[in-house]
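What you see below is based on every heavy atom in this structure, not just the backbone, and it leaves out hydrogens, waters and symmetry mates. Each residue takes its place number in the sequence, starting with 1.
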Amino acid sequence: MPRNYRKEYDNYQGKPKQKKRRAGRNNARRKLTKKGVVKKGDGKDVHHKDGNPRNNKASNLKAKPKAKNRSYARTKTARKRNAKA
């Protein structure tokens, strides 16, 4: 069965809360790109230490390899098990 991207957007990605979270992540990436910490195609993600994508303070942002940033354990409610991970 092919993936229905329109349905995904309507049910989740298009919600106002998710748009704000995505905008926060994009803004964080822009900030670290300006600083020269990350660049396009470098294989790194911007890690928010507190897990809040809308908190873009310099002290909360860090560049991590994609494999490390996306590999933390999750609980049943899809939150990070360990906030420091």
(Q) If I take atom NZ from residue K15 and atom NZ from residue K20, how far apart are they, to the nearest 0.5 angstrom? (A) 14.5 Å

(Q) Once side-chain hydrogen bond (donor to acceptor under 3.5 Å, both in side chains) is applied, do any residues pair with Y5, and if so which ones, sequence neighbours excluded? (A) none

(Q) Listing request: all side chain to side chain donor-acceptor pair (under 3.5 Å) pairs with a residue in residues 51-62, at least two apart in sequence or in separate chains. (A) H48-N56, D50-N55, D50-N60

Q.
Using 0.5 Å steps for rounding, measure from the CZ atom of R22 to the CD atom of Q18.
A. 8.0 Å

Q. R21 versus K17: any side-chain heavy-atom pair under 4.5 Å?
A. yes

Q. If you look at every heavy atom in Q13 and K19, which pair is closest and at what distance?
A. O-CG, 3.9 Å

(Q) Taking K39's backbone N and O only, do any of them form a donor-acceptor pair with D42's side chain (distance below 3.5 Å, no angle check)? (A) yes

Q. Roughly how far, to the nearest 0.5 Å, is the CG atom of D45 from the NZ atom of K64?
A. 10.0 Å

Q: Please write out which residues are connected to V38 in a hydrophobic cluster, directly or through intermediates, given that two of Ile, Leu, Val, Met, Phe, Trp, Tyr count as joined at side-chain heavy-atom separations below 4.5 angstrom.
A: L32, V37, V46, L61

